[in-house]
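Values below: all heavy atoms of this structure, side chains included; hydrogens, waters and symmetry mates excluded.
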There are 2 protein chains.
Amino acid sequence: MSLTSAATLATLDKTGPRRITDLAVAEGVTQPAMTVLVRTLEESGLVERKKDPSDKRVTLVCLTEAGASYVRTRRQAGVDAYARLIDELTGDEVEALAAALPALLRLAELESRARQESGR
Amino acid sequence: MSLTSAATLATLDKTGPRRITDLAVAEGVTQPAMTVLVRTLEESGLVERKKDPSDKRVTLVCLTEAGASYVRTRRQAGVDAYARLIDELTGDEVEALAAALPALLRLAELESRARQESGR
DNA sequence: AGTCTTATATAAGACCTTTATGCATCTGCG
DNA sequence: CGCAGATGCATAAAGGTCTTATATAAGACT
């Protein structure tokens with residue numbers, strides 16, 4: 001599974017159904033690339049297309065139950081992997097990490113904002 | 001410039017000349033992929049091949065002056081970008097980050113070790 | 001010398017991306 | 001109302017980077 005595919009599924013999970021162009025912008029790829037990517041996800045049964053009744057041009061991409069389950073499984077695997085790593089740190093180190101979490105979150109948000117402003 | 005190319009240049013800068021197979025393992029790609037990648041870097045003038053006199057099968061890949069300069073420029077750009085972001089944090093947040101740095105370094109090292117053990 | 005292993009190169013194909021383009025639908029203005 | 005331009009998506013062609021399979025050359029060991 002490509003990085004972009006995984007990120008797209010995560011985005012759908014976070015924000016609900018989106019149109020193709022939206023997803024392309026969100027993941028920083030072109031619209032044709034997202035069209036192809038959505039097709040492969042659809043063929044894998046992880047998403048489905050729905051027509052927007054208010055604008056017949058747009059197709060809304062929705063997570064299927066299988067897709068949502070895939071995202072949860074993947075996320076849990078990541079959480080577990082990091083939990084195992086953090087288990088090997090000392091108590092002081094874990095405390096320092098916990099204390100830095102708000103700053104790290106802010107930094108991540110600033111970085112994603114900066115990346116959007118500068119083109120990708 | 002591909003992610004793998006940049007990582008390869010950084011590795012060469014950190015550890016000095018390396019053989020193709022070494023680089024492939026270090027970057028987690030196959031040897032033919034690294035052969036092609038080194039050729040493009042060579043054509044760009046960023047690295048050069050040298051023959052190992054003690055084993056005529058191996059070709060040692062070395063950073064050229066242009067390659068070293070490229071790595072430095074790229075690194076400085078990254079440092080500057082993060083400096084700008086950190087400038088927007090509060091004093092407390094910066095302190096928390098600084099206090100967490102040793103733990104983050106340990107975590108990164110554990111993670112890279114885990115990744116090597118598990119295949120990539 | 002003969003055989004196995006190691007280091008690199010080459011070739012063919014898969015996958016993901018981009019630009020260019022086409023078609024359908026919507027929107028706004030005369 | 002009707003048509004011109006804008007918008008949303010799909011398709012096609014081409015490029016880049018990767019993989020597997022295979023070839024070639026050199027070292028190592030009996």
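Taking atom CD of A/Glu42 as the reference point, atom P of D/dC9 lies 14 Å away to the nearest angstrom. Going from atom CG of A/Leu3 over to atom P of D/dC18 covers 13 Å, rounded to whole Å. The distance between atom CG of A/Asp22 and atom C1' of D/dC9, rounded to the nearest whole Å, is 13 Å. When rounded to the nearest whole Å, the span between CD1 of A/Ile20 and C1' of C/dT25 equals 16 Å. Separating the CE atom of B/Met1 from the P atom of C/dT17 is a distance of 20 Å, rounded to the nearest angstrom. Residue A/Leu37 contributes atom CG, which lies 11 Å from atom P of C/dT18 at whole-angstrom precision. For the pair A/Glu27 CD and C/dT18 C1', the interatomic distance rounds to 17 Å; values are reported in whole Å.
Residues in residues 65-86 of chain A take part in these salt bridge (charged side-chain N to carboxylate O under 4.0 Å, His left out) pairs, two or more places apart or across chains: A/Asp13-A/Arg75, A/Glu65-A/Arg72.
Annotation for A/Leu107: hydrophobic cluster partners, listed by chain and number, are A/Leu101, A/Leu104, A/Leu110, B/Tyr82, B/Leu85, B/Ile86, B/Leu89, B/Val94, B/Leu97 (ILVMFWY side-chain heavy atoms under 4.5 Å, direct or chained).
By the 6.0 Å contact criterion, NZ on A/Lys56 is open, its count of non-hydrogen atoms from other residues, nucleotides or ligands being 12 or less.
At least one donor-acceptor pair closer than 3.5 Å links the side chain of B/Thr64 to the backbone N or O of B/Leu46. Here the side chain of A/Ser5 pairs no donor or acceptor atom with the backbone of A/Met1 at under 3.5 angstrom. The backbone N or O of A/Lys51 lies less than 3.5 Å from no partner atom in the side chain of A/Thr59, so there is not a single donor-acceptor pair.
At the heavy-atom level, B/Thr59 lies under 4.0 Å from the strands shown only through sugar-phosphate atoms.
A close approach under 4.0 Å does not occur between any side-chain nitrogen or oxygen of A/Ser2 and OP1 or OP2 of C/dC15. Using a 4.0 Å cut-off, no side-chain N or O of B/Arg39 falls inside it from OP1 or OP2 of D/dT17.
For A/Arg19, there are no salt bridge (charged side-chain N to carboxylate O under 4.0 Å, His left out) partners two or more places apart in sequence or in a different chain.
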Which pairs, protein N/O on one side and nucleotides 21-30 of chain D N/O on the other, fall under 3.5 Å?
from: D/dG27; atom 1: OP1; to: B/Lys56; atom 2: N; distance (Å): 2.9

Show me the side-chain donor-acceptor pairs of residues 36-45 of chain B shorter than 3.5 Å, one per line, residues at least two apart or across chains.
from: B/Thr40; atom 1: OG1; to: B/Leu37; atom 2: O; distance (Å): 2.9
from: B/Glu42; atom 1: OE1; to: B/Arg49; atom 2: NE; distance (Å): 2.8
from: B/Ser44; atom 1: OG; to: B/Thr40; atom 2: O; distance (Å): 3.0

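Looking at residues 11-19 of chain B, you'll see that no heavy atom sits under 4.0 Å from any atom of DNA chain D.
Remark on DNA chain C: of its neighbouring residues A/Thr30 and B/Ala33, the 5'-side contact belongs to B/Ala33, judged by nearest-heavy-atom nucleotide.
For the pair A/Arg18/A/Thr11, a side-chain contact is recorded, criterion being any heavy-atom separation below 4.5 Å from C-beta on.
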